[in-house]
Amino acid sequence: MPTTSFRHLAERRVYESGQLEEATYGAYLTWFSSIVATPGGTVWWETPGRPIFVPSMVSVVDARLAQGGLHDLRQMPLSRLHEEHTVD
């Protein structure tokens, strides 16, 4: 998951700088949080995951996890995931 986590860090920084719109970042945050919500993702997030992020990002991901309504990526075909998060 390291590549995904560093990508999330980059996406967050681009969003914070105003170069990425809310809808795009929101979809990405939901995708990342859905990965973290899987059993393996939760173990990763609780141990090595959190310490590699700045506290503000940890808060954002934790808030999205607490919000719920995330996709069970283990049950979703990859093609459906792409369709739901394509921004026009």
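Numbers for residues simply follow the sequence, beginning at 1.
Rounding to the nearest 0.5 angstrom, the gap separating the CZ atom in Arg74 from the CD1 atom in Ile35 is 13.0 Å. Taking CG from Leu29 and OG1 from Thr24, the interatomic distance works out to 12.5 Å, rounded to the nearest 0.5 Å. How far OG1 of Thr38 is from NE2 of His71: 14.0 Å, rounded to the nearest 0.5 Å.
The two residues Leu65 and Ser33 have their closest heavy-atom pair at CD2-O, 3.4 Å.
Applying the salt bridge (Lys or Arg N to Asp or Glu O under 4.0 Å) definition to pairs two or more places apart or across chains, none involves residues 31-43. The salt bridge (Lys or Arg N to Asp or Glu O under 4.0 Å) contacts involving residues 54-71 comprise Arg50-Asp62, where partners must be two or more places apart or lie in separate chains.
Considering only heavy atoms from C-beta on, Tyr25 stays 4.5 Å or farther from Thr30 through its side chain.
Ring-plane geometry between Tyr28 and Phe32 is classed as parallel, the angle between the planes falling under 30 degrees on a 0 to 90 degree scale with a further cut at 60.
Using a 4.5 Å cut-off between side-chain heavy atoms of Ile, Leu, Val, Met, Phe, Trp and Tyr, with links allowed through other members, Val54 and Val58 fall into the same hydrophobic cluster.
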For Val61 and Phe53, what are the C-alpha separation, side-chain angles and deciding distance, and is it a side chain to side chain contact (heavy atoms under 4.5 Å, CB included)? CA-CA 10 Å; Val61 173; Phe53 290 104; over 6 Å; no

